[in-house]
Amino acid sequence: LAAEDEPPAAKAARGAATGDAAGGGEEASEEVKVVTTSADFWRCQVSAVYQRRNPHKLSGVDALLEKYKGKEAILYAKVCKTYDLDPKKFYADPAAWEEYEKDVQGEDDPPPGSGAAASSAS
């Protein structure tokens, strides 16, 4: 019952920090995390990337945010580039991961940006 009384920002921070959606490619929770501060927003975004790409670094998110206080967007861009992700996307949204869900492409699938679709249209 105490969890029901918890402020939404605390739920979001707790959910991101504890890795509620840990478990590989499957989302363990469809719960929408509500954030009310800029720090909570960036915590959720950075945590979402680490959750999928390097879960061992989740424990250091708060220290990183403190180090980059006021420059959280720069931190997020650096984290995204480290894992070859687009920093213009927000990876706390599961839809942002859709293009990465297929880590291994089949033989019939052209690599993204290969121009295979453009060459077949000519």
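Along the sequence shown, residues are numbered consecutively beginning with 1.
- Between the CZ atom in Phe41 and the OG1 atom in Thr36 there is a gap of 13.0 Å [rounded to 0.5 Å].
- For the pair Leu58/Ser47, a side-chain contact is recorded, criterion being any heavy-atom separation below 4.5 Å from C-beta on.
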- [ ] Test Asp40 against Arg43 for salt bridge (charged side-chain N to carboxylate O under 4.0 Å, His left out), laying out the working first.
- [x] CA-CA 5 Å; Asp40 284 343; Arg43 180 177 294 106; 2.8 Å; yes

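- Every residue meeting the side chain to side chain contact (heavy atoms under 4.5 Å, CB included) condition with Lys69, not counting sequence neighbours, appears here in chain and number order: Glu66, Glu72.
- Put simply, the side chain of Tyr50 does not reach to within 4.5 Å of the side chain of Gln45, judged on heavy atoms.
- The NZ atom of Lys57 lies 15.5 Å from the CD atom of Gln51; values are rounded to the nearest 0.5 Å.
- Taking the side chain to side chain contact (heavy atoms under 4.5 Å, CB included) definition, one finds that Leu75 meets it with Val46, Leu64, Leu65, Tyr68, Val79, sequence neighbours left out.
- Taking SG of Cys80 as the reference point, atom NZ of Lys89 lies at 10.5 Å (rounded to 0.5 Å).
- Geometric assessment of Arg52 against the ring of Tyr83 yields a negative cation-pi assignment under the 6.0 Å and 45° thresholds.
- Judged as a side chain to side chain donor-acceptor pair (under 3.5 Å), and not counting sequence neighbours, Tyr76 has no contacts.
- Taking the six-membered ring where tryptophan is involved, the planes of Phe90 and Trp42 are perpendicular, since the angle between them exceeds 60° and thus also 30°.
- Contact check for Arg53 versus Leu85: side-chain heavy atoms found under the 4.5 Å cut-off.
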